[in-house]
Number of protein chains: 2
Amino acid sequence: MTTIRDVAKRAGVSVTTASYALNDTGSIGEATRKRVLQAAEELNFHPNAFARHLKRRKTQTIGVFISSFGGSFFEEVLEGIHSVILDSDYELLVCPQSRSTRRILLHRQVDGAIVFDPVIPSEAVMKLASRRFPIVVMDRDVQNEFILPLLLDNPQGVREAFAHLYGQGLRKLVFIAGAVESFDNGERMATFLSEAQQHDLQIPVYQGKFTEISGYEIAKTIIQSNDLPQAVFCANDQMAIGFLRAMKECGLNAPHDIAVVGFDDIPLTRYMQPSISTIGASRFEWGMTAVRQLIDFLEHETPFEPHRIPTRFLARQSSTLEG
Amino acid sequence: MTTIRDVAKRAGVSVTTASYALNDTGSIGEATRKRVLQAAEELNFHPNAFARHLKRRKTQTIGVFISSFGGSFFEEVLEGIHSVILDSDYELLVCPQSRSTRRILLHRQVDGAIVFDPVIPSEAVMKLASRRFPIVVMDRDVQNEFILPLLLDNPQGVREAFAHLYGQGLRKLVFIAGAVESFDNGERMATFLSEAQQHDLQIPVYQGKFTEISGYEIAKTIIQSNDLPQAVFCANDQMAIGFLRAMKECGLNAPHDIAVVGFDDIPLTRYMQPSISTIGASRFEWGMTAVRQLIDFLEHETPFEPHRIPTRFLARQSSTLEG
DNA sequence: GGTGTGTAGTGAACCGTTTCACTTCACTCT
DNA sequence: AGAGTGAAGTGAAACGGTTCACTACACACC
């Protein structure tokens with residue numbers, strides 16, 4: 001509750017001088033500065049962030065908008081973001097999905113945004129983005145001078161995975177898709193199907209929802225059809241996990257009966273039995289890159305440079321036939 | 001960039017009237033209110049949060065201070081917190097460890113705090129807490145009128161786990177401790193040792209750090225000593241996972257050679273092979289309770305009611321000897 | 001002595017809201 | 001007719017900083 005006025009009074013200077021001294025701006029004599037700093041210390045003064053932001057019209061804060069904390073997916077992205085923030089003089093505001101929050105926050109509570117929540121409509125993003133409010137999107141492909149899409153290189157990983165399956169002689173393949181609105185899902189599917197087409201394969205597609213349970217249910221359907229594919233490619237790991245659970249329940253073995261591949265390389269995939277083949281990317285660096293570019297833009301208007309985050313296929317037990 | 005003045009002008013009323021109309025306070029005629037709301041809509045007006053907070057001296061925001069996003073531990077806590085926030089008219093500010101951030105944030109950027117980061121000194125918490133700034137702590141046991149400790153019932157779960165091991169005839173037990181500063185670690189250890197003492201058992205304690213690698217290293221030490229215990233109790237799951245990895249590498253089998261129990265019930269424990277016996281609590285509800293109590297205090301000064309979050313032992317493969 | 005230059009410091013406006021204290025005016029009551 | 005009441009609306013002072021434009025003064029230079 002102590003204000004800069006209290007500090008000024010105690011140091012015997014004007015408010016202006018106190019402000020300059022505390023911010024190390026303006027020209028203030030060394031002795032005076034010391035006196036002000038000491039007064040501030042003694043009074044345990046901390047400037048009111050709101051008053052400051054109000055006047056400066058800058059919040060020195062980056063907003064990150066994610067769909068939820070769950071799924072152990074955002075974790076690493078957030079850690080990457082956080083690691084950069086620590087070394088900057090920005091603050092971090094993480095905002096999980098919420099209508100009201102979003103509206104209010106987006107209006108001037110942060111200097112720039114990182115969007116990773118498909119629920120936010122692209123039109124809203126387009127409308128908000130501006131020189132004074134740059135946005136990095138990690139979940140869609142909209143682009144303009146003030147919007148930077150920073151996306152996974154889905155095609156690369158998917159092609160590697162396809163080659164891996166095809167190379168083992170597997171020809172009867174199935175694609176299990178995630179949420180239709182998802183950009184990543186679309187790209188993964190498109191790539192997989194196009195690869196297949198080049199090898200004259202027909203690929204049935206089952207529509208899932210990126211959730212474990214949807215993978216599980218699709219697996220049951222497929223198994224009951226009594227027409228097992230040799231391999232399934234799941235658009236994310238959660239569905240692969242569900243798929244494997246169903247297989248296990250039915251006494252089927254991966255990769256023997258059906259080879260399974262996921263996408264994302266979430267930690268679980270390494271620990272499951274069998275371990276799950278998947279496509280990974282460094283989410284930590286992904287997050288780092290996002291903030292870095294955003295801060296660079298905010299500070300020097302460095303133009304955005306869209307590029308893809310590399311992915312790589314990780315062959316593990318669930319899809320690797322022996323010998 | 002449009003302000004309430006623009007709205008007022010367009011609606012042909014004073015700023016005061018516009019403010020009252022927008023906030024549904026004061027007494028404003030229905031026709032006027034409509035006109036103001038419409039003007040605001042047309043201009044796409046959103047009140048500047050900083051100006052508002054500055055004047056109101058309330059931010060309508062809850063700050064959550066965690067040590068990091070990693071470890072898949074906070075995830076569920078945050079989701080619980082978030083779920084309550086969604087139904088309230090508060091906003092959520094999640095702030096991972098960072099010196100500067102903390103200082104600044106704590107000073108008036110949030111109305112109340114939830115602390116789950118051992119790095120924050122208890123003195124700081126004590127100093128900050130006040131009627132106008134209540135704090136819920138989830139990682140330590142400081143308490144006063146304005147600080148609510150909301151802790152796990154460590155003793156309950158640990159006692160159940162001890163009984164489980166002891167009940168299977170295991171007598172040669174070892175305790176693997178986590179970070180010494182940790183309140184939870186201390187309580188888990190104290191309970192385990194006291195239970196043991198009641199049965200006249202001596203328990204060696206190894207000092208770990210709550211990390212997988214520390215569990216791994218301790219396991220190697222123990223195994224090389226050639227004097228295997230019948231069971232180890234790890235103060236958290238990460239260490240249990242490391243311990244099991246070391247065992248596997250040495251060709252040892254859990255629970256046969258050594259039974260292993262962890263603490264936290266992180267998702268991995270269910271999926272590992274063998275699945276890991278552990279002690280769980282609903283972190284989701286833990287988070288929910290924390291915010292609920294905080295908001296209740298903020299709104300009605302409802303006095304804090306400390307209580308423990310129940311834990312339960314979950315017997316899984318890693319510690320269950322067959323029939 | 002007049003001009004110029006640089007340093008140290010100050011007054012007051014401003015950022016965009018909220019809200020206290022007040023005015024107006026129409027209406028009712030006695 | 002005069003007093004009283006309540007509803008609708010307004011002016012201006014906050015809130016706590018930052019910063020523009022300015023003063024005061026010492027010093028150097030020619």
### Task
Check whether any side-chain nitrogen or oxygen of S19(A) sits under 4.0 Å from OP1 or OP2 of dG17(D), and answer yes or no.
no
#### Entry: Contact under 4.0 Å: T17(A) side-chain N or O vs dT10(C) OP1/OP2
yes
### Message
Is there a side-chain contact between R52(B) and the phosphate of dT18(C), meaning an N or O under 4.0 Å from OP1 or OP2?
### Response
yes
### Query
Can you tell me how far P of dA12(C) sits from NZ of K55(A), to the nearest Å?
16 Å
### Message
Need one value for R57(A): base, sugar-phosphate or nothing, where a base atom within 4.0 Å counts as base even if backbone is also close, heavy atoms only.
### Response
sugar-phosphate
### Message
Whether N48(A) contacts dC15(D) is assessed here as follows: a side-chain N or O lying under 4.0 Å from the phosphate OP1 or OP2. Is that the case?
### Response
no
### Summary
Between OH of Y20(B) and P of dC20(C) the distance, given in whole Å, is 7 Å
### Message
I'd like to know if R132(A) pairs up with D111(A) as an ion pair, taking the criterion as any Lys NZ or Arg NE/NH1/NH2 lying under 4.0 Å from an Asp or Glu carboxylate oxygen.
### Response
no
#### Entry: Any donor-acceptor pair under 3.5 Å from D264(A) side chain to I266(A) backbone
no
### Query
How close or far is atom C1' of dC15(D) from atom CG of L54(B), stated in whole angstroms?
4 Å
### Query
Which of parallel (below 30°), tilted (30 to 60°) and perpendicular (above 60°) describes F50(B) and F50(A)?
tilted
### Query
Side-chain N or O of T16(B) less than 4.0 angstrom from OP1 or OP2 on dT19(C)?
no
